Amino acid sequence: MLAFLKLAGLGLVALTVVYVFLSLYSRAVRRDKLEAQWEADGFEGDEATRQSFVEDGLAEYDKSLRRKLILGVYVVPVIVITAVIYFTNFH
């Protein structure tokens with residue numbers, strides 16, 4: 001049982017690292033898209049206005065479904081491993 005807890009702990013750490021990197025990458029991509037949209041739409045304004053536009057867009061992104069779907073990094077592997085263990089041992 002102790003070996004399983006060690007494995008589960010290491011798995012949780014690995015999934016947390018994947019989640020953090022995926023979350024940071026997704027946010028950076030969204031920031032780049034907002035900056036590109038600012039330039040493509042030809043908005044006028046100083047750097048503060050542009051920064052405000054990007055921050056507002058990122059605030060919307062933080063509330064979006066896509067942001068919440070990244071939590072699937074934790075859910076999907078647990079479901080798959082549980083299914084494999086169940087079907088291997090009990091089916």
Side-chain angles (χ1 to χ4, degrees):
M1 186 66 172
L2 187 60
F4 175 73
L5 291 177
K6 285 170 115 177
L7 179 64
L10 286 174
L12 183 64
V13 169
L15 290 176
T16 301
V17 168
V18 169
Y19 172 78
V20 168
F21 284 126
L22 187 60
S23 180
L24 290 173
Y25 174 75
S26 180
R27 188 170 175 89
V29 168
R30 182 66 184 150
R31 178 179 290 276
D32 289 343
K33 286 182 180 181
L34 286 167
E35 289 173 352
Q37 180 182 355
W38 174 268
E39 293 171 7
D41 290 345
F43 290 128
E44 295 295 325
D46 58 356
E47 183 64 27
T49 307
R50 180 176 164 271
Q51 190 65 25
S52 175
F53 174 78
V54 171
E55 291 302 321
D56 289 344
L58 288 176
E60 285 182 30
Y61 169 74
D62 287 339
K63 298 174 190 173
S64 71
L65 178 63
R66 182 176 191 163
R67 178 87 167 148
K68 292 170 183 68
L69 285 176
I70 295 175
L71 288 172
V73 166
Y74 289 111
V75 176
V76 173
V78 170
I79 290 172
V80 169
I81 290 172
T82 303
V84 167
I85 290 171
Y86 174 77
F87 287 119
T88 301
N89 292 319
F90 301 112
H91 205 275

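All values reported here derive from a predicted model rather than from experimental measurement. Quick note: residue numbers are just sequence positions, from 1.
Under the 3.5 Å distance criterion, the side-chain polar atoms of Ser52 are left unmatched by any main-chain donor or acceptor of Ala48. A side-chain donor-acceptor contact under 3.5 Å links Ser64 to the backbone of Tyr61.
When the shell of 6.0 Å around NZ of Lys68 is examined, it contains more than 12 heavy atoms from other residues, nucleotides or ligands. By the neighbour-count criterion of 12 heavy atoms within 6.0 Å, atom CD of Gln51 is densely surrounded, having more than that number from other residues, nucleotides or ligands.
When all heavy atoms are compared, the tightest approach of Gly72 to Pro77 is O-CD, 3.7 Å. Minimum heavy-atom separation, Leu34 to Leu58: CD1-N, 3.7 Å. In terms of heavy atoms, Leu15 sits closest to Val73 at CD2-O, 3.4 Å. The heavy-atom pair separating Asp62 from Arg27 by the smallest distance is OD1-NH1, 2.7 Å.
Distance CG/Leu65 to CD1/Ile70: 10.5 Å, rounded to 0.5 Å. Going from atom CG of Leu69 over to atom CG of Leu22 covers 10.5 Å, rounded to the nearest 0.5 Å. In this structure, Phe4 CZ and Met1 CE are separated by 6.5 Å, a value rounded to the nearest 0.5 Å. Summarising the geometry, atom CZ belonging to Arg30 is positioned 7.0 Å from atom CD belonging to Gln37; distances are rounded to the nearest 0.5 Å. With values rounded to the nearest 0.5 angstrom, Glu35 atom CD is found 4.5 Å from Arg50 atom CZ.
Applying the side chain to side chain contact (heavy atoms under 4.5 Å, CB included) test between Val78 and each of Val76, Thr82, Val75 identifies Thr82 as the sole match.
Cluster membership for Val29 and Val54, using ILVMFWY side-chain heavy atoms within less than 4.5 angstrom, is not shared.
Pairs of residues two or more places apart, or lying in two chains, that qualify as ring pair (Phe, Tyr, Trp, His ring centres under 6.0 Å) and include a residue from residues 14-37 are Tyr19-Tyr74.
Between Arg31 and Glu55, at least one side-chain N (NZ, or NE/NH1/NH2) sits under 4.0 Å from a carboxylate O, which counts as a salt bridge.
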